[in-house]
Amino acid sequence: MSKQGRRKMWLAIVSVALVVVAGFIGLQVAIARNGPAVVDTVDRISGGGRGVAQAHKASFGPSDAQKLIVYAPEQADEPLPVIIFSHGGSWRSGDPDDYGFLARGLVPEGFVVVLAGYRLHPEAVFPAMLEDTASTIAWTRDNIARYGGDPDAIFLAGHSAGAYNVVMTTLDPQWLAAEGLDDDAVRGVIGLAGPYDFYPFDGEATRASFGDAENAETSTQPIAFARGDAPPMLLMSGESDAVVRPRNSRVLAERIEELGGRAETLFFEETDHYDILLRTASPWRRDARVIAAIRDFAKPLASRSPAPAAAETSVPVQAQTR
């Protein structure tokens, strides 16, 4: 190869390398700004629509954050159990518009999915997130049959701050009661990497959203409202979660079981705070354990023949997937 040819080759290699580096940096910036939106885009590209349709979008209050999105299968022969999902984001960020990947992960398992928004800091603080979660449940009870969902088989799920929302709304009966509902409105609750025992508040986000609550040690903490007659719960965490320690799931489940209730736990080895949610999206959902755990917990309860409670489990990364 001539000297000029080698020069052109190296220029081409350097150009390609610069494009790759720029793309990587751009991806990192996008993830830092809005990780769920990036994951949603990757999921749509790599996984396709999976026969899932956005069936409805609604507002349930005057705030732009008080919105919900219904996802359902394009075809269904009978009413399906419903999963209401509350997003994370430290009670100060997040948008249900960015979580379509979770619906595309769960709807093909035989569910209708409602992605739920709620007012965020600084617009609102505790207990706004619980009021909005209860309002979403009430809306779903009243309307979900129009979109193929069973209003008598509603499950709540959430990740991180969203897991707090759904667990606390269920354990403290005042929030459902304010909407004219009781425990019968919720068939079961699924928490992913949720904070349930985090007083005293040692982070900026928790101080901002809960620091001014009256009697905060008891009024804001799910562990303080543990009871044996609450709907069944599945609390999942990653053993490597340094954002919300897995002890939150352990201590709440233990307290509920001590009081005669049902609270299953599932812990994933070598899994951090974000991995556990990422596994509901393509291509990461090739590791199907999170999706399978949600399905296997909810489906028996939806059919009114609940399976026996499972013991605490820690699942290695090398476990078989489907």
Side-chain angles (χ1 to χ4, degrees), residues 35-36 83-94 96 99 102 106 115-118 120-121 126-130 132-134 136-137 155-172 175 186 188-199 201-203 205-206 209-210 216 219-227 230-257 261-268 271-280 289-291 293-294 297-298 312-315:
I83 294 179
I84 299 173
F85 178 80
S86 182
H87 64 78
S90 302
W91 302 283
R92 59 188 176 188
S93 65
Y99 285 80
L102 184 127
L106 289 174
L115 302 180
Y118 53 95
L120 302 167
H121 184 271
F126 175 89
M129 69 285 283
L130 308 180
D132 289 350
T133 301
T136 300
I137 298 167
F155 295 84
L156 309 183
H159 172 250
S160 193
Y164 167 88
N165 296 350
V166 298
V167 167
M168 185 66 171
T169 301
T170 306
L171 288 177
D172 184 352
W175 308 115
V186 177
V189 183
I190 301 129
L192 302 176
Y196 314 121
D197 181 23
F198 56 96
Y199 186 89
F201 308 130
D202 58 3
T206 52
S209 289
F210 301 95
S219 66
T220 68
Q221 299 299 289
I223 192 73
F225 291 90
R227 53 193 175 92
M233 294 193 177
L234 171 63
L235 306 178
M236 295 188 278
S237 294
E239 292 282 19
S240 301
D241 192 338
V243 178
V244 177
R245 300 290 183 181
R247 65 163 292 277
N248 282 267
S249 295
R250 289 192 174 97
V251 297
L252 180 59
E254 289 170 0
R255 183 71 61 84
I256 289 172
E257 289 182 337
R262 175 182 171 184
E264 304 176 21
T265 53
L266 186 59
F267 299 95
F268 297 91
T271 300
D272 68 19
H273 189 68
Y274 305 102
D275 290 339
I276 197 167
L277 178 65
L278 199 60
R279 288 176 186 160
T280 66
R289 291 170 294 155
V290 173
I291 293 287
I294 295 172
F297 171 78
E312 176 181 313
T313 306
S314 186
V315 183

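One-based numbering along the sequence shown.
- Contacts of Ser249 classified as side-chain hydrogen bond (donor to acceptor under 3.5 Å, both in side chains), with partners at least two apart in sequence or in another chain: Ser237.
- In this structure, the side chain to side chain contact (heavy atoms under 4.5 Å, CB included) partners of Thr280, at least two apart in sequence or on a different chain, are Phe101, Leu102, Leu277, Val290, Ile291.
- Atom CD in Glu254 sits 8.5 Å away from atom CD1 in Ile223 (nearest 0.5 Å).
- Taking 4.5 Å as the limit, every side-chain heavy atom of Arg289 sits out of range of all side-chain heavy atoms of Leu266.
- Ring-centre distance between His159 and Phe85: not below the 6.0 Å cut-off.
- For Phe201, the ring pair (Phe, Tyr, Trp, His ring centres under 6.0 Å) criterion is met by Phe198, Tyr199, Phe210, not counting sequence neighbours.
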For the pair Thr271 and Arg279, evaluate side-chain contact (heavy atoms from CB on, under 4.5 Å) and give the outcome as yes or no after the intermediate values. CA-CA 10 Å; Thr271 300; Arg279 288 176 186 160; 2.9 Å; yes
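- Evaluation of the side-chain hydrogen bond (donor to acceptor under 3.5 Å, both in side chains) rule for Arg92 yields no partner, not counting sequence neighbours.
- Residues passing the salt bridge (charged side-chain N to carboxylate O under 4.0 Å, His left out) test with Asp197 are Arg247, sequence neighbours excluded.
- For Phe225, the side chain to side chain contact (heavy atoms under 4.5 Å, CB included) partners are Met168, Leu171, Asp172, not counting sequence neighbours.
- Shown here are the side chain to side chain contact (heavy atoms under 4.5 Å, CB included) partners of Ala128, two or more places apart in sequence or in another chain: Arg119, Ala124, Glu131.
- Of the candidates Leu115, Thr133, Leu156, Asn165, Leu156 is the only one forming a side-chain contact (heavy atoms from CB on, under 4.5 Å) with Ile84.
- In this structure, Ser90 and Ser209 approach most closely via the heavy-atom pair O-OG, 4.4 Å.
- A pairwise comparison of heavy atoms in Val166 and Ala157 identifies CG1-O, 3.5 Å as the closest pair.
- The side-chain hydrogen bond (donor to acceptor under 3.5 Å, both in side chains) search around Asp241 returns His273, not counting sequence neighbours.
- For the side chain to side chain contact (heavy atoms under 4.5 Å, CB included) test, residues two or more places apart in sequence or in another chain that qualify with Ala163 are Tyr196.
- Remark: the backbone N or O of His87 is paired with a side-chain donor or acceptor of Tyr118 at under 3.5 angstrom.
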Just do the side-chain contact (heavy atoms from CB on, under 4.5 Å) check on Phe267 and Glu239 with the steps written out, would you? CA-CA 6 Å; Phe267 299 95; Glu239 292 282 19; 3.5 Å; yes
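- Counting heavy atoms from C-beta on, the side chains of Met236 and Ile294 come closer than 4.5 Å.
- Not a single side-chain hydrogen bond (donor to acceptor under 3.5 Å, both in side chains) links Asn248 to another residue, sequence neighbours left out.
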